[in-house]
Amino acid sequence: MDYNFSEIEQKWQAFWQENKTFAAENKSQQAKYYVLDMFPYPSGAGLHVGHPLGYIASDIYSRYKRHLGFNVLHPMGYDSFGLPAEQYAIQTGQHPKITTEENIATYRRQLDQIGFSFDWDREVRTSSPEYYKWTQWIFIQLFNSWYNKKTDKAEDLNSLIEHFVKNGTANLNAHSDSTHAFSAADWAAKSEKEKSEILMDYRLAFLADSYVNWCPALGTVLANDEIKDGVSERGGHPVEQKKMQQWSMRITAYADRLLKGLDKIDWSDAIKEIQRNWIGKSKGAAIAFNTENRQHSIEVFTTRPDTIFGVSFMVLAPEHELVAELTTKDQQKEVEAYQKYAASRSERERMTEVKKVSGAFTGAYAIHPFTGKKLPIWIGDYVLAGYGTGAVMAVPSGDQRDWDFATHFNLEIPAVIEGQDVKEGADDRKDGKIINSDFLNELSVKEAISKAIKAIEEKAVGKGKTNFRLRDAVFSRQRYWGEPIPIYFENGIAKAVPEDELPLELPEVDKYLPTEDGEPPLARAEDWTYNGNPLEASTMPGWAGSSWYLFRYMDAKRENGFADQESLDYWKNVDLYFGGAEHATGHLLYSRFWTKFLNDRGYLTVDEPFQKLINQGMILAEDGQKMSKRYGNVVNPDDVVAKYGADTLRLFEMFLGPLEQSKPWDTGSIEGVHRFLRKFWRLYHDGDNHFKVSDEKASSEELKSLHKTIKKIREDIERFSFNTGVSAFMICCNELNELKCNNREILEPLCILIEPYAPHIAEELWSKLGHQDSVSKVEFPEFNASYLVESNHKYPVSFNGKMRFMLELPIDMGKDEIEKTVLEHEEAQKWLEGKTPKKVIVVPKKIVNVVV
RNA sequence: GCGGAUGUGGUGAAAUUGGUAGACACGCUAGACUUAGGAUCUAGUGCUUCGCGGCUUGUGGGUUCGAGUCCCUCCAUCCGCACCA
């Protein structure tokens, strides 16, 4: 074989490992650049060819940045806690630790053979006690913090206690779901247990009774982002709502900052929009409607307070707590029947039968705060108990669901905006004038919204309010293979395990199943106690370890901190992050939350983890389906590397198409890429495969080809267009082949140029040229435009704004010279007819405008 | 329904700033060298026409000397959210 890729690749992989070629320095005068891939979960199936796509792209960029003189941090690790290893343990009894280690070994072997420039000295594993020690430590910081809305920051819980001691709840503006009100004296009089219960309502990691998504098949609770279409994301099992006491994270305290932070990071609009929608900020007003007998008030949230005069009835969710008290005797039977019907419908039924109108009249009336009109109170399952207040003021002229409801039950539909046709359907226009609305009449929608809020506040029936869709994140998982939550219960009071006793290591258990009385698996451990007090038995969710791992890489082996201050200050945050778009509402949101929290508490100087994000597409199987063991259509990178080599795999995965696009694997065209590498090899080897390079000076043709390629490769890498980069190499190789060019002067820069894409062949040729050190350490070749003189650029020449002719001019011609050449051109002379132009405007590379 | 993205040959796709559409690669056709070819090399390859020429970037319009690119309309596909008040 002429081009013996497997020999070359093994040789250089060994060289890199031995010489620690890609180790990054934490102390450096050089500018830093941090390139990170989302670390993989080491599954039993190993890597398929889709996994390395992002790794190859990030590796190209890392290697490129090293050539530009940056100190590049490019680490890799494993998100090694997770469900599959635990399920395997349940089936076979093998400890998840063993399974995980075996899988990691496979991953490492597969990654190594592709020739990535990872700094393996910094490897992290979320399941190793040295790592999760600090995950637990962060949890304790969250447990011991509250959110002060005055400073818009998380603060130490002691400052809250101090406030309670001095002022009670007076003057406090804290983020909490509960509204406590007590004086300093009240606080002093409370028992330890009472105090701890109050504090729990402020902690950022807190224990609360709440409705959670319970998945009976998996035996655990799930966060909202772990559910897709009403079933669990993993396995597709049904999920039900269940009230349970669970640890949660008060991510809602950060809703506004998570939203604002999106403006200063360089992510795709698609991902930003997904996060914005998930956070779901809506501005409007909270309004309380008194009931007719004045005994109750129904609080609603609306984004359109300008339509307040269009309210003709009220609707409560069937589960709303006031329903029973409001319902009149006459209506009781009907209401209860409806509640029963609503409860019987599953989430999925509700989702598929969205258009079905149903409801019942309670017999009670609310009073309109401005007109005093009686508004019938209905219940209907189109109003959700879990969003806002679980009640709405119905404006049928402006809201289609209200309109459908009103039409179905024959309720009034008053128009309040000019141009609404209430017979046709709802019309939520924002451009008309307000009508039939007393003091709001004649105003625009925008003016009416602020005037209505003002009036509502003056009348003390409500106030302007911002609502979020984002919920607090459930943090407990009833599983074995996760980080133990470092909390014990002393006399029923939750307390953190002292920091200097971390990590709280996972105990050994006889079975990886819940106990007979439904306790999580950790409760099976022989002595799951701390100082005789029971320890928390649930573990942390998968996203805990991945929410901060980027910082651990900065100083991965530190024992007395999650990373030292100097390293954190130097590396700051990730400059460029590669990963799939499927983590938009999970990992990418949680890790922004934890980063902001750690910043608040003074541990970090940055408050966004990932400055730029690239979402690589998926590689689908040749049949266009997702690659999966289940479909038996997986292409294994091992086979590709064995047959064509790692450099071919790398080039080919980049050549497949735009990085961010999903595309099918195409076995046929891999040959083309492989052919290129062989052609390139043969250019510098004779028939007996001996290296053959001439010392002749490069011709201008050859230099032109080289510099065209330098320009293209630099530009392509800068804009992450790696597929066209591969094409540029092929064109260059074809041209050099035609010129029979095999001289040193061209090959040297070419080796450096191709190294990010195909590092093994680059190193091999580089060493054959007589160099001792790795080509990865050499400065990237500069583009010199003067070699491209012969290539021309088209300039449209226009007279008084009308285009007259196209003119080809050298690419590096200066502005004055262009002007002169244009005016001397015979075409121009023809159009000028002897007149002197008033003005000549040359926009470089674009257009020449002659004003006569 | 709302939001985001994408529509270019037989296929994957290029076209950087509004300036020769289809680079590069696959596939296909013909040929050369071969006992052989799934090796290598050469030529051809958007559609249409014998040819001159005409047509061509999902549809229909607009702006412009000039539009794949900018603006509007509609259509299709993919993704996210979804009785979110």
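Below, chain A is the first sequence line, B the second, and so on; all start at residue 1. Only this structure's heavy atoms are used, side chains among them; waters, hydrogens and symmetry mates stay out.
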Novice: How far apart are the closest heavy atoms of A:T466 and A:K283, and which atoms are they?
Specialist: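 Reported closest heavy-atom pair: OG1-CG, 3.9 Å.
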Novice: Could you tell me the separation between the CZ atom of A:F313 and the C1' atom of B:rA85, rounded to a whole number of Å?
Specialist: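 It works out to 12 Å between those atoms.
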Novice: Polar pairs (N or O, both sides) under 3.5 Å between protein and nucleotides 26-28 of chain B?
Specialist:
unit_1, atom_1, unit_2, atom_2, d
B:rC26, OP1, A:R675, NH1, 2.5

Novice: Which part of the nucleic acid does A:N467 contact within heavy-atom distance under 4.0 Å: base, sugar-phosphate only, or nothing?
Specialist: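 Nothing, no heavy atom under 4.0 Å.
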Novice: Determine: side-chain N/O of A:R469 to OP1/OP2 of B:rA82, distance under 4.0 Å, yes or no.
Specialist: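 Result: yes.
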Novice: Take the protein atom CZ of A:R678 and the nucleotide atom P of B:rA39, then report the distance between them rounded to whole Å.
Specialist: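 For the pair A:R678 CZ and B:rA39 P, the rounded distance is 9 Å.
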Novice: For A:E321, is the CD atom crowded, meaning more than 12 foreign heavy atoms sit under 6.0 Å from it?
Specialist: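 Open: at most 12 neighbouring heavy atoms sit under 6.0 Å from CD of A:E321.
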Novice: B:rA25 phosphate, OP1 or OP2: any side-chain N/O from A:N734 under 4.0 angstrom?
Specialist: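 Yes, such a contact exists.
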Novice: Starting at NE2 of A:H674 and ending at C1' of B:rU40, how long is that distance when rounded to a whole Å?
Specialist: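 One finds 14 Å between C1' of B:rU40 and NE2 of A:H674, rounded.
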Novice: State plainly whether the residues A:K711 and A:E715 are in salt-bridge range, i.e. N to O under 4.0 Å.
Specialist: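 Counted as a salt bridge, because a side-chain N and a carboxylate O are separated by less than 4.0 Å.
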Novice: Just to verify, which of A:F578, A:F720, A:F722, A:Y757 counts as forming a ring pair (Phe, Tyr, Trp, His ring centres under 6.0 Å) with A:Y61?
Specialist: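 That would be A:F720.
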Novice: Would you tell me if any nitrogen or oxygen in the side chain of A:R719 comes within less than 4.0 Å of OP1 or OP2 on B:rA14?
Specialist: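 Negative; the distance criterion is not met.
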Novice: Closest nucleotide of RNA chain B for A:F468 versus for A:K712: which of these residues is on the 5' side?
Specialist: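 The residue closer to the strand's 5' end, by nearest nucleotide, is A:K712.
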Novice: What's the CD1-P distance between A:I449 and B:rA85, to the nearest Å?
Specialist: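 One finds 12 Å between P of B:rA85 and CD1 of A:I449, rounded.
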Novice: Taking the P atom of each, how far is B:rG51 from B:rU45, in whole Å?
Specialist: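 Roughly 13 Å separates the two P atoms.
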Novice: Would you mind classifying the nucleic acid contact of A:F655 as base, sugar-phosphate or nothing, using non-hydrogen atoms under 4.0 angstrom?
Specialist: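 Base, at least one base atom sits under 4.0 Å.
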Novice: Residues two or more places apart in sequence or in another chain: which of them pass side chain to side chain contact (heavy atoms under 4.5 Å, CB included) with A:S437?
Specialist: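 With neighbours one apart ignored, the set is A:F309, A:V416, A:I434, A:L440, A:N441.
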Novice: Would you say the ring centroid of A:Y338 lies under 6.0 angstrom from that of A:Y341?
Specialist: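 Yes, they do, as the ring centres are separated by less than 6.0 Å.
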Novice: Report, one pair per line, the protein and nucleotides 2-7 of chain B atoms (nitrogen or oxygen only) whose separation is under 3.5 Å.
Specialist:
unit_1, atom_1, unit_2, atom_2, d
B:rG3, O2', A:E273, OE1, 3.2

Novice: Tell me, which of residues 721-729 of chain A have any heavy atom that sits under 4.0 Å from an atom in RNA chain B?
Specialist: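 A:N723, A:T724, A:S727, in order of number.
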Novice: Taking atom P of B:rA82 as reference, at what distance in whole Å does atom CH2 of A:W278 sit?
Specialist: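 Those two atoms, CH2 and P, are 6 Å apart.
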Novice: In terms of side-chain heavy atoms of A:D381, which of B:rA85, B:rC83, B:rU16 is nearest?
Specialist: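 Side chain of A:D381 sits closest to B:rC83.
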Novice: Sequence neighbours left out, what passes ring pair (Phe, Tyr, Trp, His ring centres under 6.0 Å) with A:Y644? Give chain and number order.
Specialist: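 Residues passing ring pair (Phe, Tyr, Trp, His ring centres under 6.0 Å) with A:Y644: A:H674.
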Novice: Can you tell me, in whole Å, how much space there is between the C1' of B:rG31 and that of B:rA23?
Specialist: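 Rounded to whole Å, the distance is 26 Å.
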Novice: Of all the heavy-atom pairs spanning A:M314 and A:V311, show the shortest one and how long it is.
Specialist: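 Looking at all heavy atoms of both residues, the shortest contact is SD-CG1, 4.4 Å.
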Novice: When rounded to the nearest Å, what value does the distance between P atoms of B:rA15 and B:rA25 take?
Specialist: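 Going atom to atom, P in each nucleotide, I get 16 Å.
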Novice: Rounded to the nearest angstrom, tell me the gap between atom NE2 in A:H583 and atom P in B:rC79.
Specialist: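 After rounding, the gap between these two atoms is 17 Å.
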Novice: Taking the six-membered ring for Trp, are A:F405 and A:Y382 parallel (under 30°), tilted (30 to 60°) or perpendicular (over 60°)?
Specialist: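 Judged by the thresholds at 30° and 60°, the geometry between A:F405 and A:Y382 is tilted.
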Novice: So, does A:Y387 get its side chain near the phosphate of B:rA85, meaning an N or O under 4.0 Å from OP1 or OP2?
Specialist: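 It does, given that an N or O in the side chain of A:Y387 lies less than 4.0 Å from OP1 or OP2 of B:rA85.
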Novice: Round to the nearest Å and state the distance from A:F676 atom CZ to B:rG12 atom P.
Specialist: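 Taking atom P of B:rG12 as the reference, CZ of A:F676 is at 23 Å.
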Novice: Distance only, no hydrogens: is a donor on one side chain within 3.5 Å (strictly under) of an acceptor on the other, for A:Y3 and A:N689?
Specialist: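 Per modelled atom types, A:Y3 and A:N689 side chains form no pair under 3.5 Å.
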Novice: If I pick the P atom on B:rA85 and the same atom on B:rC70, what distance separates them, to the nearest angstrom?
Specialist: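 Straight-line distance between the two P atoms is 32 Å.
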Novice: Under a plain distance cut-off of 3.5 Å, with no hydrogens placed, do A:T252 and A:D472 share a side-chain donor-acceptor pair?
Specialist: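 Indeed, the side chains of A:D472 and A:T252 share at least one donor-acceptor pair under 3.5 Å.
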Novice: Can you tell me whether the base of B:rG9 sits syn or anti, using the 90° cut around 0 to define syn?
Specialist: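 Syn, which is what one calls it when the glycosidic angle falls within 90° of 0.
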Novice: Which whole-number value in Å describes the distance from A:K663 NZ to B:rC78 P?
Specialist: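 Atom-to-atom, A:K663 to B:rC78, this comes out as 19 Å.
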Novice: Kindly compute the distance separating CE (A:M730) from CG (A:L677), expressed to the nearest 0.5 Å.
Specialist: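 Here the interatomic distance stands at 8.0 Å.
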Novice: Taking atom types as modelled, find out whether A:S669 and A:D666 have a side-chain donor-acceptor pair closer than 3.5 angstrom.
Specialist: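 A:D666 and A:S669 do have a side-chain donor-acceptor pair below 3.5 Å.
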Novice: If I pick the P atom on B:rU11 and the same atom on B:rG27, what distance separates them, to the nearest angstrom?
Specialist: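 So the two P atoms sit 15 Å from each other.
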Novice: Looking only at atom C1', what distance separates B:rG46 and B:rC81, rounded to whole Å?
Specialist: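 Between the two C1' atoms, the distance is 41 Å.
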Novice: Within the 3.5 Å criterion, strictly below it, is a donor on A:D404 or A:Q400 matched to an acceptor on the partner's side chain?
Specialist: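 Side-chain D/A pair, A:D404 to A:Q400: present.
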Novice: Give A:P658 one of three labels, base, sugar-phosphate or nothing, depending on what nucleic acid heavy atoms sit under 4.0 Å from its own.
Specialist: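 Sugar-phosphate, backbone atoms only, no base.
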Novice: When rounded to the nearest Å, what value does the distance between C1' atoms of B:rC52 and B:rG58 take?
Specialist: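 Rounded to whole Å, the distance is 32 Å.
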Novice: Report the secondary structure of RNA chain B in dot-bracket form, marking unpaired bases with a dot and bases paired to a different strand with |, and treating Watson-Crick or G-U pairs with both distances under 3.5 Å as paired.
Specialist: (((((((..(((......[....)))((((((.......))))))(((....)))..(.(((..]....))).))))))))....
Novice: If you measure from the C1' atom in B:rG61 to the same atom in B:rC75, how many Å do you get, rounded?
Specialist: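 15 Å, rounded to whole Å.
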Novice: Should A:R682 be listed as having a side-chain N or O under 4.0 Å from OP1 or OP2 of B:rU40?
Specialist: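 No, no such contact exists.
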Novice: Any carboxylate oxygen within less than 4.0 angstrom of a Lys/Arg side-chain nitrogen, looking at A:R276 and A:D263?
Specialist: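 Salt bridge present between A:R276 and A:D263.
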Novice: Side chains of A:S705 and A:E735: any donor to acceptor distance under 3.5 Å?
Specialist: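 Distance-only check passes for A:E735 and A:S705.
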Novice: Give one of base, sugar-phosphate or nothing for A:R276, where a contact means two heavy atoms less than 4.0 Å apart.
Specialist: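 No contact.
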